[in-house]
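Written below as structure tokens is the structure these notes are about.
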Amino acid sequence: MTGKDILHKMKEKVGLGSSADSGKGKSKMSKHVTHGYHLVKGQSRHDMEDYIVAEFKAVDDNELGLFAIFDGHLSHVIPDYLRSNLFDNILKEPDFWTEPENAMRRGYRITDTTILEKAADLGKGGSTAVTAILINCEMLVVANVGDSRAVICKNGVAKQLSVDHEPSVERQEIENRGGFVSNFPGDVPRVDGQLAVARAFGDKSLKGHLSSDPDVTKEVIDDDTDFIILASDGLWKVMSNQEATDAIKNIKDARSAAKHLTEEALIRQSTDDISCVVVKFR
């Protein structure tokens, strides 16, 4: 086995993916809960800017499934930083086990503050994020900033758990902070004519007009739960929530399901980086 093969196996084992990559894992608490991920680079000339986390982690007598998509813009450094630090900051919060939603919000806030303080080292640009923490295979806590998305499928029906933070929707808040939303013909609405999402990590030059406060939601995992999908906008630009769930409802292997979604997005001519995590519950 070459050094490159060994590195790939190590990354797959701990659930850290970037570039053209895939992997899978399973819960030790429930043999029916598995995850898989797949990433493909888009057609842009810059480096791959999507990063993921997908792993199960034992914490004392509990098990946490940690899943995330980080989609960078003008930077692959900041999403990589988020991959290494965001969950640690959330789990350090003393009330994580009693108030996980509040811990999510504070973890996001602390992480963004650190990114801004380290802007000289981390560089310009920023990243969207969607994170999901599965607690003992029973409760799912989802948070997001930007347009990477989490969707749950129950009894074959798709339900979006995250919020797409679009400049056109949050125009009033952006203007209240002193910014503006451009709406040029042939282009999408952008904060200050630059960024196509209303919330993100980093982006120090826009932060006065840009929020990094996440939307947070909890969802009970019950017998009706089929799977969840986390993906960057490279997928959601070309597939609806229900189309994505329909595409993989009969694929048992989670990694194969994630790969199928990325391939379907490419068939539908998505040109962006595409990253996808699927967690199967039965």
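Numbers here simply count residues along the sequence, with the first being 1.
- Counting only distance, with no hydrogens or angles, the side chain of Thr113 and the backbone of Arg109 share a donor-acceptor pair below 3.5 Å.
- Between His35 and Lys26 the shortest side-chain heavy-atom distance does not fall below 4.5 Å.
- Inter-residue side-chain proximity for Glu166 and Val188 is flagged as unmet; no heavy-atom pair is nearer than 4.5 Å.
- A salt bridge is absent between Arg105 and Glu101; no separation between the charged side-chain nitrogens and carboxylate oxygens falls under 4.0 Å.
- Taking the six-membered ring where the residue is Trp, the centroids of Phe201 and Tyr108 are separated by under 6.0 Å.
- Closest of all the heavy-atom pairs between Val216 and Ala143 is CG2-CB, 3.9 Å.
- For Asp187, the salt bridge (charged side-chain N to carboxylate O under 4.0 Å, His left out) test picks out Arg190, with sequence neighbours left out.
- Residues Asp50 and Ser275 have side chains that bring a donor and an acceptor to within less than 3.5 angstrom of each other.
- The nearest pair of heavy atoms linking Ala196 to Pro167 is O-CD, 3.3 Å.
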Exercise for the section: Please test Arg268 against Glu243 for salt bridge (charged side-chain N to carboxylate O under 4.0 Å, His left out), starting from the C-alpha separation and ending with a verdict. Expected result: CA-CA 12 Å; Arg268 298 183 183 213; Glu243 285 175 333; 3.1 Å; yes
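- Judged by distance alone, with hydrogens and angles left aside, the side-chain atoms of Glu93 form no donor-acceptor pair with the main-chain N or O of Pro100 at under 3.5 Å.
- Ile110 and Trp97 fall into different hydrophobic clusters, where Ile, Leu, Val, Met, Phe, Trp and Tyr are joined by side-chain heavy atoms under 4.5 Å apart, directly or via other members.
- The pair Asp112-Lys207 meets the salt-bridge criterion, since a charged nitrogen lies less than 4.0 angstrom from a carboxylate oxygen.
- When all heavy atoms of Ser127 and His73 are compared, the pair lying nearest together is N-CE1, 3.4 Å.
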Exercise for the section: Starting from the C-alpha separation in whole Å, work towards a yes-or-no answer on side chain to side chain contact (heavy atoms under 4.5 Å, CB included) for Ser182 and Gln194. Expected result: CA-CA 8 Å; Ser182 65; Gln194 299 179 56; over 6 Å; no
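- Between the CG atom in Asp224 and the CG atom in Asn155 there is a gap of 4.0 Å [rounded to 0.5 Å].
- Thr98 and Asp95 share no donor-acceptor pair across their side chains, judged by distance under 3.5 Å alone.
- From Ile274, atom CD1 reaches atom CG of Leu261 across 10.0 Å, with rounding to the nearest 0.5 Å.
- Surrounding NZ of Lys124 are at most 12 heavy atoms belonging to other residues, nucleotides or ligands under 6.0 Å away.
- Summarising the geometry of Leu210 relative to Ala198, their closest heavy-atom pair is CD1-O, 3.1 Å, with the distance given to 0.1 Å.
- Of the residues Val53, Thr128, Ile78, Ile52, the one that meets the side chain to side chain contact (heavy atoms under 4.5 Å, CB included) test with Phe70 is Val53.
- Residues Arg83 and Asp80 are paired through a salt bridge, judged by an N-O separation under 4.0 Å between the basic side chain and the carboxylate.
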Exercise for the section: Run the numbers on Arg149 and Asn241 for side-chain hydrogen bond (donor to acceptor under 3.5 Å, both in side chains), then give the verdict. Expected result: CA-CA 9 Å; Arg149 189 183 299 174; Asn241 297 340; 2.8 Å; yes
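- We find the CG-CZ distance between Leu64 and Phe96 to be 5.0 Å, quoted to the nearest 0.5 Å.
- Hydrophobic clustering keeps Leu82 apart from Leu195 (ILVMFWY residues linked when any side-chain heavy atoms are closer than 4.5 Å, directly or through intermediates).
- Contact annotation: the side chain of Ile228 approaches that of Phe281 to within less than 4.5 Å [non-hydrogen atoms, C-beta and beyond].
- Comment: Arg199 does not engage Glu173 in a salt bridge, judged by the lack of any side-chain N to carboxylate O separation of less than 4.0 angstrom.
- Connection of Ile267 to Val40 is not established within any shared hydrophobic cluster, with ILVMFWY side chains joined at heavy-atom distances below 4.5 Å, either directly or through further cluster members.
- Note that the OG atom of Ser148 and the NE2 atom of His165 stand 11.5 Å from one another [nearest 0.5 Å].
- In this structure the side chain of Asp273 never reaches within 4.5 angstrom of the side chain of Leu39, judged on heavy atoms.
- Between the CD atom in Glu219 and the CG atom in Leu140 there is a gap of 7.5 Å [rounded to 0.5 Å].
- Checking each of Lys259, His260, Lys280, Lys24 against Asp253 for a side chain to side chain contact (heavy atoms under 4.5 Å, CB included) leaves exactly one that passes, namely Lys24.
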Exercise for the section: Please step through side chain to side chain contact (heavy atoms under 4.5 Å, CB included) for the pair Val163 and Asn144, ending with a clear verdict. Expected result: CA-CA 7 Å; Val163 177; Asn144 83 291; 4.3 Å; yes
Exercise for the section: Take His209 and Phe180, measure what side chain to side chain contact (heavy atoms under 4.5 Å, CB included) needs, and give me the verdict at the end. Expected result: CA-CA 8 Å; His209 307 153; Phe180 69 91; over 6 Å; no
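- The two residues Pro79 and Tyr51 come nearest to each other via the heavy atoms CB-CD1, 3.8 Å.
- Checking Val33, Val279, Thr245, Ile251 one by one against Phe227, the side chain to side chain contact (heavy atoms under 4.5 Å, CB included) holds for a single residue, Thr245.
- For Phe67 and Phe56, the ring centers sit closer than 6.0 Å to each other.
- Counting only N and O atoms by type, the side chains of Asn136 and Asn62 include a donor and acceptor under 3.5 Å apart.
- Side-chain contact between Ser27 and His32: absent, with no pair of heavy atoms (C-beta onward) separated by less than 4.5 Å.
- A salt bridge does not link Asp147 to Lys237: none of the charged side-chain nitrogens sits closer than 4.0 Å to a carboxylate oxygen.
- Closest heavy-atom contact between Val151 and Ala158: CG1-CB, 4.0 Å.
- Contact check for Thr131 versus Val141: no side-chain heavy atoms found under the 4.5 Å cut-off.
- Side-chain contact check for Asp71 and Ser232: no donor-acceptor pair (N or O, by modelled atom type) lies under 3.5 Å.
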Practice task
Kindly determine whether Ile229 and Cys276 satisfy side chain to side chain contact (heavy atoms under 4.5 Å, CB included), including the steps that lead there.
Solution key: CA-CA 7 Å; Ile229 303 169; Cys276 182; 4.0 Å; yes
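- Taking CD from Glu63 and OG from Ser30, the interatomic distance works out to 8.5 Å, rounded to the nearest 0.5 Å.
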